[in-house]
Each structure stands twice: as C-alpha cells, then as structure tokens.
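All remarks here apply to the structure that follows.
Below, chains carry the letters A, B, ... as their sequence lines are ordered, and counting in each starts from 1.
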There are 2 protein chains.
Amino acid sequence: MNSFTAENYLKAIYKLVEHSSNPVSTNSIAEKMNTKAASVTDMLKKLANKKLINYQKYQGVYLTTKGEKVALSVIRKHRLWEMFLLEKLDFKWDEVHDVAEQLEHINSEKLISQIDKFLNYPKFDPHGDPIPDANGKIQQQKSNSVSHYKKNDALIMTGVVDHSAVFLQYLDKSGLALGNEIRIKEVIEFDKSLKITINKKNTLFISNEVAKNILAITR
Amino acid sequence: MNSFTAENYLKAIYKLVEHSSNPVSTNSIAEKMNTKAASVTDMLKKLANKKLINYQKYQGVYLTTKGEKVALSVIRKHRLWEMFLLEKLDFKWDEVHDVAEQLEHINSEKLISQIDKFLNYPKFDPHGDPIPDANGKIQQQKSNSVSHYKKNDALIMTGVVDHSAVFLQYLDKSGLALGNEIRIKEVIEFDKSLKITINKKNTLFISNEVAKNILAITR
DNA sequence: AACTATTTTTAGACCTATCTAAATTATTTA
DNA sequence: TAAATAATTTAGATAGGTCTAAAAATAGTT
Ligand SMILES: [Mn+2]
Ligand SMILES: [Mn+2]
Ligand SMILES: [Mn+2]
Ligand SMILES: [Mn+2]
C-alpha cells in the first residue's frame with residue numbers, strides 16, 4: 001500500500017497536470033503540497049521506484065497509468081465523502097473539504113462502493129467537480145468562468161474554482177449556489193466587475209476576481 | 001494531535017486495564033499490538049512525556065485521566081463507525097471491524113456527533129459492546145459468558161468475547177445473533193459442552209470454548 | 001557565448017516508529 | 001538466598017518523511 005503522503009503527492013501531480021498536460025515541475029508540487037522542493041525531490045525518487053510516476057532529473061514528472069489510477073481513486077473517494085457529508089450529515093459545502101482530506105485515505109473497496117450506492121451514484125461533488133466512477137472515468141463539464149461570458153448571457157452556475165471556506169461562505173451570503181440562474185446585466189468596462197441577477201430576482205454586484213472563480217454554462 | 005499509533009496504544013492499554021485494574025505490563029501491550037516489547041518501551045516513554053500514561057520503569061503502566069479520555073474517544077468512534085457500516089451500508093458484523101480500525105482515527109468532532117445523531121444515538125455496537133457517549137460515559141452491561149450459566153437457564157444473547165470474523169461467521173451459520181433467546185437444555189459433564197435451543201426452536205450443540213465466547217443475561 | 005537568475009538536486013540532520021541483540025532488573029524455584 | 005528464568009529496558013540500526021544549506025543544472029538575458 002501507498003502511504004497517505006504518497007497518495008497526496010499523486011493527487012497533487014494529477015491536478016497540476018490535469019489542465020496543462022506538460023510534465024509537472026518540482027516547485028509547483030512543493031507549492032501545492034505546502035512543502036519544500038528538496039522534500040519533493042526525495043519523494044519523486046520513491047514514487048518513481050514504485051513506477052507511479054515517470055521522472056527524470058530536472059525534467060519534471062508525469063503520472064504512469066498506475067499512478068493515475070491511484071490519483072483518480074483518491075479523488076473519487078474525496079468527492080464521494082464530501083457528498084456524503086453534505087447530503088447525509090448536514091455539513092455545509094464550506095465544511096466538507098477538510099474532513100474529506102482525511103477520509104479519502106481510508107482503504108476499503110466495499111466501503112466506497114457502498115457509499116456511492118447510498119448516495120445513488122452522484123456525478124458531481126458539492127463544489128460541482130466531477131466524481132470519477134469505479135473505473136476512473138470522469139464526466140467532464142464544459143463550463144467556463146462567469147468572467148468569460150458577456151452582457152445579457154443567461155447562465156447556470158455549475159461550480160467554483162476557489163474552494164476556500166471564506167469564498168464559499170461569501171457565495172452563501174450572496175445567494176449564489178450551484179444550479180442557480182445567473183444573468184449578466186452589465187459589465188463595467190473599467191474593472192470588468194459585473195452586475196448580475198440570481199434566479200431572475202436578486203441583483204448583485206461581483207468583482208472580476210469573484211466572477212473568475214465561479215463556473216457556469218449557458219442555459 | 002496524537003499519531004494513529006499513539007491512539008492505538010492508548011486503546012490497547014485501556015482494554016487491558018479495563019477488567020483487571022492492575023497496571024498493564026509491557027509484554028501484554030506488545031502482544032495486543034502485535035509488536036515487540038522493545039518498541040512498546042519506546043512508545044511508553046513518549047506517551048508518558050505527553051502525560052497520557054503513568055509509567056515507571058519495570059512497574060507497568062496505567063492511563064492518566066487525559067489518556068483515558070483519548071482512549072474512550074477512539075473506542076467511541078470505532079463502535080459508532082461499526083454501527084454505521086452495519087446499519088447504513090449493509091456490512092455484516094464480521095466485516096465492520098477492519099474498516100472501523102481505520103475510521104476510528106478520523107479527527108472531526110462534528111463528523112462523529114453527526115454520525116451518532118444519524119444512527120439515533122445507539123448504546124451498543126454490532127457486537128454488543130457499549131458505545132461511550134460524547135463525555136466518555138459507558139453504559140455497562142452485567143452479562144456473563146454462556147458457560148457461566150446452568151441447565152434450564154433462559155438467556156438473551158447480548159455480546160461476544162471473540163470478535164474474529166471466523167467466530168462471527170460460525171455464529172451466523174448456527175443462527176446465533178444478538179437478542180436471540182438461548183435456553184440451556186443440557187450441560188455435558190465431561191467437557192462442559194452444551195445443548196441449547198435458539199428462540200425456542202432450533203437445537204444446537206456448542207463446545208465450552210464457544211460458550212465462553214458468547215455473552216448473555218438471564219431473560 | 002558568457003553571465004545571471006532560477007530551478008532542482010544533493011548532502012547532512014532530525015524525528016517517529018520499528019526491529020534485533022545485548023544488558024539489566026524482577027520473579028521463581030530449588 | 002542463590003541460581004535460573006522471565007520480563008523489561010537499552011543500544012544500535014533501518015526506513016519514511018521532512019528540513020536547511022550548499023552544489024549543480026537549466027533557462028534567460030545581454
Ligand atoms: Mn475538496
Ligand atoms: Mn469538492
Ligand atoms: Mn471492532
Ligand atoms: Mn465492535
């Protein structure tokens with residue numbers, strides 16, 4: 001079995017490579033893992049020995065098929081647990097992540113398949129991120145940041161980029177939740193801030209920074 | 001925070017002292033933890049430094065109030081998780097322990113209080129062991145081994161001593177489950193084996209070894 | 001191409017948890 | 001009570017994971 005630490009490295013590498021497809025740099029891993037580059041190098045050697053990553057000195061790394069399988073399994077468990085906490089135990093969407101960081105390392109095939117069944121096989125987690133199925137297949141959404149859309153577009157909110165509790169709580173307070181309809185009423189030229197309506201009712205002003213961190217599709 | 005290992009040592013010490021109240025020996029801990037006496041000595045020093053146990057060389061150990069609190073919290077989590085797996089995820093009583101051994105180390109007050117609530121505050125786990133409440137209070141049962149009773153006694157099965165999967169599966173196969181009525185029809189003088197009936201219907205022969213591992217109260 | 005700045009790796013330590021083998025202390029037993 | 005046996009502790013190693021400081025390699029820039 002892989003240690004919790006090894007699993008976390010694989011997950012970090014997966015997420016870093018996810019949208020770029022270039023090999024991942026030592027420094028970027030160090031930043032994501034909140035550790036030092038020297039520690040990362042040490043770990044990369046160990047992961048490479050176990051054939052979980054392809055690694056050549058100074059050339060960055062990417063996951064092997066075996067490593068990707070592990071990463072996807074950890075991500076699957078993380079997102080299913082988040083969903084479980086939200087749906088069954090009345091957690092808020094800003095409370096689920098930290099506990100899921102622990103639960104994602106519990107090792108039991110039956111446990112996770114039963115949780116999946118118990119939740120009726122959800123496709124997305126509380127933040128709109130897709131949940132890999134038992135084979136690691138992911139159903140990708142083609143959503144964009146709200147900041148990419150233009151005046152008069154009618155959108156459905158599908159996810160968030162920033163997962164921090166403080167951002168999620170701000171969205172709560174503003175009435176912005178997954179599934180809501182967002183209409184762009186005005187784009188302020190100066191700073192790209194937006195005037196929007198939520199579900200055709202409430203009007204809200206959001207900064208470009210906020211808009212960049214909300215994902216949506218056109219309705 | 002305490003490491004998983006430290007939590008496991010405290011739990012082991014708690015269980016060893018539970019029914020004897022003498023200080024616990026290094027060797028008995030080593031046996032329970034499946035490790036070597038030398039490793040135990042190392043760990044005892046660390047636990048003593050953290051004021052979790054009282055330890056004097058060669059004199060055995062016992063838990064401090066602080067250490068007992070940790071042990072009870074781990075036991076509470078273990079038993080609640082076992083109950084959760086059984087009740088909500090269709091695990092069998094011989095499957096819950098191994099997964100609970102992992103889940104008992106998840107650190108979240110809210111998680112465990114919500115699980116407790118979700119299960120409607122159960123008092124006993126799937127094996128009949130009492131579940132400590134949030135304050136560490138345990139509702140003890142005054143049950144005895146079936147081997148302690150005598151001919152014609154009418155009993156209610158309340159627990160098991162041996163928790164191994166192989167023993168639990170044997171009980172399943174024999175129709176012996178918690179809550180069942182057991183009547184002692186005959187005690188074989190030679191080897192103390194028993195002829196019993198279950199719920200006034202099925203007749204069964206069990207060895208003294210089996211009888212010692214089944215707990216019951218008089219009905 | 002040569003110099004500089006950045007990134008990455010190595011060297012050397014430290015901490016936790018574990019082990020085996022040897023030494024020490026406690027307990028039995030004759 | 002002295003010898004033998006059992007229990008416990010110490011000494012010395014190993015392995016995983018981390019760190020700082022220094023060295024080496026790469027990338028950028030005149
Ligand atoms: Mn998360
Ligand atoms: Mn999430
Ligand atoms: Mn158990
Ligand atoms: Mn149990």
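Sparse packing is recorded around NZ of A:Lys117, with 12 or fewer heavy atoms of other residues, nucleotides or ligands lying under 6.0 Å away. For B:Lys66, the NZ atom sits in a packed shell: over 12 heavy atoms of surrounding residues, nucleotides or ligands are nearer than 6.0 Å. Summarising the local packing, NZ of A:Lys32 is surrounded by more than 12 heavy atoms from other residues, nucleotides or ligands at distances under 6.0 Å.
When each of A:Arg76, A:Lys77, A:Lys11, A:Arg79 is checked for a side chain to side chain donor-acceptor pair (under 3.5 Å) with A:Glu104, only A:Lys11 meets the rule.
Note on B:Phe4: nothing from the nucleic acid sits closer than 4.0 angstrom, heavy atoms only. Across all strands, B:Thr5 comes closer than 4.0 Å only to sugar-phosphate atoms, never to a base (heavy-atom distances).
One finds no side-chain N or O of A:Tyr9 lying less than 4.0 angstrom from the OP1 or OP2 phosphate oxygen of D:dG16.
Remark: P of D:dT8 and CG of B:Leu44 are 10 Å apart, rounded to the nearest angstrom. Protein atom NZ of A:Lys45 is 14 Å distant from nucleotide atom P of D:dT18, rounded to whole Å. At whole-Å resolution of the value, CG in A:Asp42 and C1' in D:dG16 are 10 Å apart. Following rounding to the nearest Å, A:Leu10 (CG) and D:dG17 (C1') show an atom-to-atom distance of 15 Å. With rounding to whole Å, A:Asn2 atom CG is found 13 Å from D:dG16 atom C1'.
Taking the ring axis of A:Phe118 as reference, the NZ or CZ atom of B:Lys88 does not stay both within 45° of it and closer than 6.0 Å to the ring centre.
You can see that DNA chain C meets the heavy atoms of chain A within a 4.0 Å-exclusive cut from C:dT7 to C:dT10, reading 5' to 3'.
Proximity of A:His163 to A:Val160: side-chain heavy atoms (C-beta onward) are separated by under 4.5 Å at one or more points. Side-chain contact check for A:Ile214 versus A:Phe167: some heavy-atom pair is nearer than 4.5 Å. Proximity of B:Ile138 to B:Ile75: side-chain heavy atoms (C-beta onward) are nowhere separated by under 4.5 Å.
Between the side chains of B:Ser193 and B:Asp191, at least one donor N or O lies within less than 3.5 Å of an accepting N or O.
Of the residues in residues 48-59 of chain A, those placing a heavy atom less than 4.0 Å from an atom of DNA chain C are A:Tyr55, A:Lys57, A:Tyr58, in numerical order. Of all the residues in residues 22-36 of chain B, B:Thr35, B:Lys36 reach under 4.0 Å from DNA chain C with at least one non-hydrogen atom.
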Practice item. Could you please spell out the steps behind the side chain to side chain contact (heavy atoms under 4.5 Å, CB included) verdict for A:Leu171 and A:Trp93? Key: CA-CA 11 Å; A:Leu171 295 181; A:Trp93 71 338; 3.8 Å; yes
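Taking the centre of each ring, B:Tyr9 and B:Tyr55 stay at or above the 6.0 Å mark.
Comparing A:Met43 and B:Gly60 by the nucleotide of DNA chain D whose heavy atom lies nearest to each, the residue mapping closer to the 5' end is B:Gly60.
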